[in-house]
Each structure stands twice: as C-alpha cells, then as structure tokens.
Amino acid sequence: MDGKIAPQASGPLAGMKVVELAHIMAGPVCGLMLADMGADVIKVEKPDGDDSRRFVPPAIEGESAAYMMMNRNKRGLALNLKQPDAVAALHRLLEEADVVIENYRMGTMERLGLGYDELRAINPRLIYCEISGFGRTGPYAERGGFDLIAQGMSGLMSITGEGQGRPPVKPGAPISDITAGIIAAMGVSAAYARMLQTGEGQKVDTSLFEAAITQTYWQSAIAFATGTAPGPLGSAHPLNAPYQSFRTSDGWINVGAANQRNWERFLDVIDAPELGHDPRFASNQDRMQNLHALEGILNEKLGHETTQVWLDRMEAAGLPAGPVLDILEMHRDPQTLARDMIVEVAHPKAGNIQTLGHPIKFSETPASIRSAAPVLGQHSREVLGEAGYDAAVIDAMIASGAVIAA
C-alpha cells in the first residue's frame with residue numbers, strides 16, 4: 001500500500017460478495033475489514049440511513065465523520081424493508097451472495113423471511129454472520145447489546161482505572177464493538193475458506209459480550225489460578241513490573257522493563273543502582289508485591305528529565321519505551337505514516353477526507369482503501385441493475401419508496 005486509492009479490489013478476498021445488513025459499529029467493522037481485503041460489500045441501509053449518519057457533530061460538509069470512518073470501500077443500497085418489493089430485492093441479492101452480515105434483534109430476519117434456514121435452502125453456499133449483544137443462544141440471547149453494557153458484564157470495567165475503590169472506568173475506545181467486528185471477519189474468512197473447499201456455507205455467530213471477554217486473558221488466568229478477581233492497576237501490568245506509564249518533567253512515558261535483563265538496563269539508564277540491591281525489587285515477583293512503592297520511586301526519578309531525553313537514553317540502551325501520544329500526535333507519527341495507516345480518499349460530498357488504513361499488510365494481495373463511504377442510496381441503481389432489474393422497474397421501486405437512490 002502506498003496511501004493512494006487503489007482502482008479496483010485486488011486483496012485476498014477479491015471475488016467475495018457480501019451483503020451487510022448491519023448498523024453503527026460491530027457489523028460495519030466486520031464489513032470494513034472484508035471490504036479492505038477485496039470483498040465487494042453492499043451495505044443495505046434503511047430509508048433514513050445507518051444510525052451512525054446521525055452521530056454528529058463532527059460532520060464534514062454535512063456527512064457524519066463517524067459514518068464515513070466505518071463504511072469506506074462499500075457500495076450503498078437503501079431499502080424500505082416494510083415494502084414487499086424491497087424484501088424481494090434483498091432476497092434476490094442474498095440468493096447470489098457469499099456472505100450476509102446482520103446485527104438485527106433476534107427474530108427480525110426470520111420475520112422478513114430471511115432467516116438462516118430459509119436462505120440456506122436457496123443458497124447453500126451462504127455464510128450467515130450474526131453479531132449480537134450476547135450471542136444467539138443462552139439466557140441473554142434476546143437482549144439488545146451495547147458496547148458499554150458488554151464492557152461492564154465482561155469484567156473489563158472492573159480491571160480498568162487507577163485503582164481499587166475508584167469509580168468504574170471503561171477503556172476510551174469501544175473495544176467490544178471493534179473486537180466483535182474483527183472476530184466476525186476472522187470467522188467469515190475461515191468459513192469462506194471451508195466453503196471454497198466444500199461448497200457449503202454455515203452460520204457464524206459472535207457477540208459483543210464474547211468479544212469483550214477475550215480481552216481478559218491475563219486477568220482470567222489470574223482468577224483461575226488464585227480464585228481472586230484482579231482489580232484495576234492504572235497503566236500497570238497485572239503480571240510484570242515495571243511495565244507502565246511514568247511521569248516525566250513534561251508528560252508521560254511508557255516503559256517496558258519487566259524482565260530481569262530489561263530491569264537491569266533500566267536501572268543503568270536512570271542511574272539507580274541502589275534499586276538493584278533493594279530486596280523489595282530483586283525479582284519480578286518482589287516488584288509486583290511492592291508495586292506501589294516502586295511506582296513512587298520511579299515517578300520521582302523520571303520526573304527530573306523530559307520525555308524525549310528518557311526516550312533517547314532508553315533507545316540507546318535497547319530498552320522498550322514509548323511516549324503517550326494523543327490521537328493527533330499518533331496521526332503525525334512517522335511510523336503511522338510509514339505503515340500507511342493514514343489514507344486520503346475522495347468523497348462525493350465531503351471532498352478529500354482522511355481515514356485509517358488497513359492494519360494487515362499482505363505481500364502478494366495487498367488490502368487497499370479504494371473508495372469513501374457511500375452517500376445514502378449512492379449505488380442503489382447500480383446494485384439492483386446487477387441483480388437483474390431493468391431500469392424501468394428500478395424507477396418504479398424508487399417512485400414507490402421501496403428503494404432510495406441518491
């Protein structure tokens with residue numbers, strides 16, 4: 001990738017056809033990942049559009065920045081599924097699709113005649129991806145799902161924050177939404193590989209709840225082993241020390257000096273040989289048991305120099321360290337730019353806008369950012385024409401309100 005828009009899909013999933021019946025975040029993340037890797041993703045929206053179109057401000061020329069971030073590389077079709085003609089059109093698309101992504105409430109697809117059993121009967125190759133709050137089985141299957149609720153119920157919020165006795169804190173990013181979308185894309189890719197071998201599709205079912213649970217691997221390991229639920233440690237690691245943020249004279253620095261060799265290097269860098277002889281910090285186990293005391297000492301020592309001075313010294317010593325950047329600083333970071341994680345793309349209303357690049361680099365079939373998110377109904381005529389509808393029928397469907405076209 002060179003940061004430019006690729007003229008056509010050439011990624012590892014080129015040839016996959018996806019119908020995305022999903023809104024806001026988890027489902028669209030799944031579609032985004034597949035689209036970046038070359039899939040033809042047709043995003044089907046309701047007449048007033050995906051709810052994230054109303055996540056404003058901020059907007060660029062009236063277009064929601066949030067919507068545009070989540071829906072690049074997709075084609076947009078808007079249908080009023082309260083009308084039979086619209087349902088029939090969607091049914092026709094799904095007869096030919098490889099994948100459908102849906103995050104409706106349980107039972108909605110079945111009421112539309114678009115449930116897994118119905119579609120499998122006419123398209124046995126179809127991979128039916130369901131993303132929900134809690135999964136399609138179990139006592140919570142019919143509950144709606146939101147990132148905040150999943151983060152709380154997964155235990156994530158109990159291990160996030162500055163320390164015991166403080167109010168619960170969620171990670172700043174919607175981790176369960178984003179992780180669920182990535183996991184779903186992984187599941188779809190695996191099911192697609194099997195489908196190419198056998199000709200048989202299958203159901204792929206994941207949830208925000210399970211996605212958030214996967215973020216607790218270390219803390220769950222501790223709880224399994226000790227029978228005690230670990231609590232929040234701020235930026236510290238639950239198993240290794242020092243491995244956290246420390247205050248400098250002008251900001252913060254993250255230091256990864258957890259293993260014994262790096263601990264010794266760290267003491268050389270900060271000129272604190274006495275800590276190497278302190279029995280409280282002799283081993284990783286000792287440092288974890290005396291973490292609070294260690295934090296105080298290291299914050300005091302690191303507070304005498306700037307972040308950049310410490311970064312230079314630690315890099316020279318081969319010690320893992322990094323600054324704590326804000327989002328705009330991250331956007332300008334040379335490594336971010338070198339890895340094509342900031343890409344410019346042309347939008348029909350908003351003009352040239354920036355979006356995030358794809359995080360996987362393929363040597364032979366590179367992912368690419370080819371197009372901006374569609375305006376509402378931008379590709380309705382095109383997609384329906386490809387599905388076999390002639391222009392007069394499409395015009396009639398638009399006139400009746402079954403189809404919305406830009």
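Geometrically, R143 does not engage F209 in a cation-pi contact defined by less than 6.0 Å to the ring centre and at most 45° from the axis.
Note that the CZ atom of F55 and the CE atom of M70 stand 10.5 Å from one another [nearest 0.5 Å]. Rounding to the nearest 0.5 Å places CE of M330 at 9.0 Å from CG of D326. In this structure, CG in L356 is found 5.5 Å from NE2 in H331, a value given to the nearest 0.5 Å. Here the straight-line distance linking atom CD1 of I131 with atom CG of L21 works out to 11.5 Å at 0.5 Å rounding. In this structure, the separation between CZ on R287 and CZ on F281 is 9.5 Å, given to the nearest 0.5 Å. For the atom pair E110 CD and D117 CG, the distance stands at 8.0 Å (nearest 0.5 Å).
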Practice problem: Would you check, one step at a time, whether the test salt bridge (charged side-chain N to carboxylate O under 4.0 Å, His left out) holds for R136 with E102? | Solution: CA-CA 12 Å; R136 296 305 194 193; E102 67 97 355; 3.0 Å; yes
Quiz prompt | Full working for salt bridge (charged side-chain N to carboxylate O under 4.0 Å, His left out) between D340 and K361 | solution = CA-CA 10 Å; D340 295 321; K361 275 57 179 181; over 6 Å; no
Exercise. List the steps, then state whether side-chain hydrogen bond (donor to acceptor under 3.5 Å, both in side chains) holds for E305 with T248.
Key: CA-CA 6 Å; E305 295 285 1; T248 66; over 6 Å; no
Practice problem: Step by step, work out the side chain to side chain contact (heavy atoms under 4.5 Å, CB included) result for I369 and T355. | Solution: CA-CA 9 Å; I369 314 303; T355 188; 3.9 Å; yes
Exercise. Test E210 against S207 for side-chain hydrogen bond (donor to acceptor under 3.5 Å, both in side chains), laying out the working first.
Key: CA-CA 5 Å; E210 289 157 293; S207 70; 2.6 Å; yes
Quiz prompt | Evaluation steps, salt bridge (charged side-chain N to carboxylate O under 4.0 Å, His left out), between E20 and K74 | solution = CA-CA 9 Å; E20 181 189 300; K74 302 174 186 177; 2.7 Å; yes
Self-check item: Trace of the salt bridge (charged side-chain N to carboxylate O under 4.0 Å, His left out) decision for R53 with D48
Solution: CA-CA 9 Å; R53 288 188 182 275; D48 59 349; over 6 Å; no
Exercise. Evaluate the side-chain hydrogen bond (donor to acceptor under 3.5 Å, both in side chains) criterion for residues R111 and T108: first the C-alpha distance (whole Å), next the side-chain angles of each, then the deciding distance (0.1 Å), finally the verdict.
Key: CA-CA 5 Å; R111 286 193 295 274; T108 300; 3.3 Å; yes
Exercise. I would like to know whether N254 and S245 meet side-chain hydrogen bond (donor to acceptor under 3.5 Å, both in side chains); could you show each step before the answer?
Key: CA-CA 4 Å; N254 282 328; S245 300; 2.3 Å; yes
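Between R105 and E142, none of the side-chain N atoms (NZ, or NE/NH1/NH2) sits under 4.0 Å from a carboxylate O, so this pair counts as no salt bridge. Salt bridge annotation for R280-D278: present, with a cationic side-chain nitrogen under 4.0 angstrom from a carboxylate oxygen. For E200 and R194, the salt-bridge test passes: some basic side-chain N is under 4.0 Å from an acidic carboxylate O.
The nearest pair of heavy atoms linking H358 to R72 is N-NH2, 4.2 Å. Closest approach of L34 and I101 over heavy atoms only: CD1-CD1, 4.1 Å. Of all heavy-atom pairs spanning R370 and N73, the tightest one is N-OD1, 2.6 Å. Taking each heavy atom of S371 and V345 in turn, the nearest pair found is C-CG2, 3.5 Å. For A257 against L319, the heavy-atom pair with the smallest separation is CB-CD1, 4.1 Å. The heavy-atom pair separating V269 from W310 by the smallest distance is O-CZ3, 3.7 Å.
Counting only N and O atoms by type, the side chains of Q215 and T179 include a donor and acceptor under 3.5 Å apart.
More than 12 heavy atoms of other residues, nucleotides or ligands shown are found within 6.0 angstrom of CD on E329. Annotation: Y243, atom OH; neighbour count of heavy atoms from other residues, nucleotides and ligands within 6.0 Å does not exceed 12. Within 6.0 Å of CD in E96 there are 12 or fewer heavy atoms belonging to other residues, nucleotides or ligands. For E315, the CD atom is loosely surrounded, since the number of other residues' heavy atoms within 6.0 Å does not exceed 12.
Using a 4.5 Å heavy-atom cutoff, the side chains of N123 and L94 are not in contact. Counting only heavy atoms from C-beta outward, the side chains of N71 and K43 approach each other to under 4.5 Å. In this structure, the side chains of V204 and Y128 stay at 4.5 Å or more apart for every pair of heavy atoms.
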Using residues 155-178 as the side-chain source, report each donor-acceptor pair under 3.5 Å to any protein atom, sequence neighbours left out, with the distance given to one decimal.
| residue | atom | partner | partner atom | Å |
| --- | --- | --- | --- | --- |
| S158 | OG | G155 | O | 2.7 |
| T160 | OG1 | L156 | O | 2.8 |
| E162 | OE1 | R166 | NH1 | 3.0 |
| E162 | OE1 | R166 | NH2 | 3.3 |
| S176 | OG | D147 | OD1 | 2.6 |

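I42 pairs with exactly one of L90, V100, V18, V383 by the side chain to side chain contact (heavy atoms under 4.5 Å, CB included) rule, that one being V383. Shown are L291, V255, L294; of these, the side chain to side chain contact (heavy atoms under 4.5 Å, CB included) with Q244 is made only by L291.
Between F266 and W263, the angle of the ring planes lies from 30° to 60°, which puts this pair in the tilted group.
Every pair tested for ring-ring contact (aromatic ring centres under 6.0 Å, His included) that includes a residue from residues 60-96 fails, sequence neighbours excluded, so the list is empty.
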